[in-house]
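See structure below.
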2 protein chains.
Amino acid sequence: MSPRKTASQELTRELIIQKARTQFVEKGFQQVSMRNIAKELGCSHGAIYYHFKNKAELFYAVVEDDFSILNNLIEDSIQGPEDDSTKLSNLLLRFIEFGLNHQSQYEIMFMVRNTEVDSLSQEAANLCYQKFAQTVQSLSTKQLKIIDVWSAFIALHGFVSHYRGYVDRFDEAELAAKSHVQFIIKGLL
Amino acid sequence: MSPRKTASQELTRELIIQKARTQFVEKGFQQVSMRNIAKELGCSHGAIYYHFKNKAELFYAVVEDDFSILNNLIEDSIQGPEDDSTKLSNLLLRFIEFGLNHQSQYEIMFMVRNTEVDSLSQEAANLCYQKFAQTVQSLSTKQLKIIDVWSAFIALHGFVSHYRGYVDRFDEAELAAKSHVQFIIKGLL
DNA sequence: GCAATATTTGACCAGTGGTCAATTGATGAG
DNA sequence: CTCATCAATTGACCACTGGTCAAATATTGC
């Protein structure tokens, strides 16, 4: 009840992010409230606002790491012994896999509009797309049209944003995903 | 201030839908409140709950008409003197056009999850997709794989759900849309 | 030891979706 | 025409939300 907690149980930025993440992954952005997170942390909701400007900023902090996870995932897809064509399929498939196995995060990363996170999240999303585009091009023998790569991305995004909430995990949509990836590759080449 | 309005100014289901629609188209689902609509209608928010079970049901009522607009739009695309290939492009393009010129509606029609509208909206969306699939098939000379038609739809959906909120009207994304449609057709055939 | 500073609290604000007893208009039976 | 019934409307109320901020306390540096 004291207006300042003893040092051992002080609130960390990281501690908040951590608890926010678990709540958030379970319920999604809208369903999680600051008071909810505060209760989980055993502090008042006001305290969170000392560490984060608002809800949007907190959830961008959560999602920041996920952007680098996804970026690594994209980068890593050029590694390995398979031929480029397989690598390309895998890249597209893995994007979908990420999206469907991290639905709450994907929502903020690529779907949420209108909040103040936008500027930050939008920039990270752009960078992520650039990495995607580069990688796709590097896995193709012929020079791809830049706008076709964009269409491929949009088509992937369509898959994730449709199946999100409709399936719980990637596995449940794996067949459709594989087929969709083939569809996209046909359009790409 | 009287607990029942005089007959001439009684609240109609249609009247509510109408005002809800304008608010809704301007601001989107989340930003519109029942109290807001009530204020516009010059009644208390409680009155709306006499006519509609909840917010979701009201907004499904709004969007119900939009489903038939979109259905007609799809049906109409087989009419006209153009050859089937052009008709197909037009169909895809018009879907995007609808989506971007009716963003708030599209949101509820094809994007909102988790509310109780789901059962209703989901069904209407399925029917709409079936009409789409039929029409696409009827515009193709060769027998299309059913899953490819689905991928085409998903890819369209991706375009709309990306550009939604990012552009205001279809025009601003027309070029990209045309290119995306070509991309999809490549995958389809 | 004491003043300055960093944290935390919880009351508070304006707003939300939703419920419901109470009230009043319309309506139809006698 | 009257009066009970029923349909519609109100507004207080509930539990919630994101967000702000003065006050109170723990920590820190002097």
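All chains are named by letter (A, B, ...) in the order of the sequence lines, taking the proteins before the strands, and each is independently numbered beginning at 1.
Residue pairs meeting the ring pair (Phe, Tyr, Trp, His ring centres under 6.0 Å) criterion with at least one member in residues 124-146 of chain A, sequence neighbours excluded: Y129(A)-W150(A), Y129(A)-F153(A), F132(A)-F153(A).
Closest to the side chain of N36(A), from the set dT8(C), dT17(D), dG11(D), is dT17(D). For E10(A), the listed nucleotide lying nearest its side chain is dT7(C); candidates were dT7(C), dG11(D), dG10(C).
OP1 or OP2 of dG17(C) has at least one side-chain nitrogen or oxygen of K55(B) nearer than 4.0 Å. Phosphate proximity of dA8(D) to Y50(B): present, with a side-chain N or O under 4.0 Å from OP1 or OP2.
The NZ-P distance, from K39(A) to dA15(D), rounds to 13 Å in whole Å. Rounded to an integer number of Å, the gap from K27(B) NZ to dT16(C) C1' is 13 Å. The separation between H51(A) atom NE2 and dG19(D) atom P is 16 Å, rounded to whole Å. Straight-line distance from the OH atom of Y49(A) to the P atom of dT20(D): 7 Å, rounded to whole Å. In this structure, F59(A) places its CZ atom 12 Å from P of dT17(D), rounding to the nearest Å. We find that NE2 of H45(B) is positioned 8 Å from C1' of dG11(D), with the value rounded to whole Å. Look at CD on Q30(B): it is 17 Å from P on dG15(C), rounded to the nearest Å. Note: CD1 (I48(A)) to C1' (dG10(C)) measures 14 Å, nearest angstrom.
No side-chain heavy atom of Y106(B) sits under 4.5 Å from any side-chain heavy atom of N101(B). By the 4.5 Å heavy-atom criterion applied to side chains, L70(A) and M109(A) are counted as neighbours.
The residue among R35(A) and A47(A) whose nearest nucleotide of DNA chain D lies closer to the 5′ end is R35(A). Residues G46(A) and S33(B) each lie close to DNA chain C; by heavy-atom proximity, the contact nearer the 5' end of the strand is made by G46(A).
Ring geometry for Y163(A) against Y166(A) counts as tilted: the plane angle lies between 30° and 60°, on a 0 to 90° scale.
Between H45(A) atom NE2 and I37(A) atom CD1 the span is 12.0 Å, to the nearest 0.5 Å.
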